[in-house]
Protein chains: 2
Amino acid sequence: MATSGRPGAAHCGIDAAMEVVGGKWKVLILWVLEQGPHRFGELRRLIPGVTEKVLAAQLRELEADGIVHREVYDEVPPRVEYSLTPIGCELGEALAPLGAWGAKHLVPGGA
Amino acid sequence: MATSGRPGAAHCGIDAAMEVVGGKWKVLILWVLEQGPHRFGELRRLIPGVTEKVLAAQLRELEADGIVHREVYDEVPPRVEYSLTPIGCELGEALAPLGAWGAKHLVPGGA
DNA sequence: GTGGGTACTTACCCCGGGGTGAGCGTGCTG
DNA sequence: CAGCACGCTCACCCCGGGGTAAGTACCCAC
């Protein structure tokens, strides 16, 4: 670490971050939510393959980790909007380089 | 969404990257390897809790993904060194912001 | 009345990633 | 000679994250 000059990174916050972001659909949710608040049903439709149960679970975990904000509108029909908290926004930005790396090296026409 | 003008990022390389980095110990391995080449036994000792089988498996997966390079020295006793490929280095750098985020928001004295 | 859309929850099952422990072939050391 | 260290590999088990399907309560459009 003297070489990298990374003070607080003791055994790196990466693994800590990985636990937050480690769910199968979390990064997709983050990705979608980065483009603005979305409702539950929208997320479900925007993320093909995810089921309601799992989507709800991942959302709750992200909420518990302070990444997303859950806004319930007491209307009828019921409406719930999910948005990123400031911390969530920062997380999204921190994920950007990783996404760029993936696009560059993993996705066929990424470069 | 039609509003998002993000062309190349289709469904973001993040999930692609997550598959590469999604193993339980992968980021730790990356983290250690970022500080220089290491032997198998060193990695095992530097990463508490990982078993040989799993370490070998993760290493092989990272190797298959072109992240780490495996150098076998035909000596006795057998010696094997693992190091990051250029792509692996880039991945490590792409992971840095995420680590910083984790350190800042997740680790107690991170801020 | 029926169906569809809202946002979930509950119960159940399944698969695979990861953990456990042992063994292998070699050569040096005690 | 026994034992250890090296870098794995094999066989087995286990747990939990995620998938499947159905149900809930409400209202509106048909």
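Order of the sequence lines sets the chain letters (A, B, ...), proteins ahead of strands, with each chain counted from 1.
Taking 4.0 angstrom as the limit, B/Q58 places a side-chain polar atom (N or O) nearer than this to OP1 or OP2 of C/dG18. Put simply, A/R45 has a side-chain N or O that comes within less than 4.0 Å of OP1 or OP2 on C/dT6. The shortest distance between the side-chain N/O atoms of A/R79 and the OP1/OP2 oxygens of C/dG5 is not below 4.0 Å.
A straight line from NZ of A/K26 to C1' of D/dG18 spans 12 Å, rounded to a whole angstrom. Atom CD in A/E52 sits roughly 16 Å away from atom P in D/dG18 (whole-Å rounding). Rounded to a whole Å, the CG atom of A/L59 is 15 Å from the P atom of C/dT6. In this structure, B/L28 atom CG and C/dG18 atom C1' are separated by 15 Å, rounded to whole Å. Going from atom CZ of B/R60 over to atom P of C/dG18 covers 16 Å, rounded to whole Å. Regarding A/I47, its CD1 atom lies at a distance of 14 Å from the P atom of C/dA7, rounded to whole Å. When the C1' atom of C/dG21 is taken as reference, atom CG of B/L55 falls 17 Å away, rounded to whole Å. A straight line from CD of A/E19 to P of D/dG16 spans 14 Å, rounded to a whole angstrom.
Here the side chain of A/K53 is nearest to one of D/dA11, C/dA11, C/dT6, namely C/dA11. Minimum atom distance to the side chain of B/V80 is reached by D/dG7, of the listed C/dT20, D/dG7, D/dC6. Candidate nucleotides C/dT20, D/dG7, C/dA7 were compared by shortest atom distance to the side chain of B/R39, and D/dG7 ranks first. Listed nucleotides C/dA7, D/dG7, D/dG19 differ in distance to A/F40; the shortest reach to its side chain belongs to C/dA7.
In this structure a side-chain-to-backbone donor-acceptor pair under 3.5 Å is missing from B/E19 to B/A16. Looking only at distances, no side-chain donor or acceptor of A/E61 sits under 3.5 Å from a matching main-chain atom of A/Q58. At least one donor-acceptor pair under 3.5 Å links the side chain of B/K26 to the backbone N or O of B/V20.
B/L43 has its side chain within reach of B/Y82: a pair of non-hydrogen atoms, C-beta onward, lies under 4.5 Å apart.
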Using side-chain hydrogen bond (donor to acceptor under 3.5 Å, both in side chains), reason through A/H105 and B/E90 one step at a time and then give a plain yes or no. CA-CA 10 Å; A/H105 296 290; B/E90 288 183 44; 2.9 Å; yes
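As judged by a 4.0 angstrom heavy-atom cut-off over every strand, A/Y82 is placed among residues touching the sugar-phosphate backbone only.
Comparing A/E61 and B/E81 by the nucleotide of DNA chain D that holds the closest heavy atom to each, the one mapping nearer the 5' end is B/E81.
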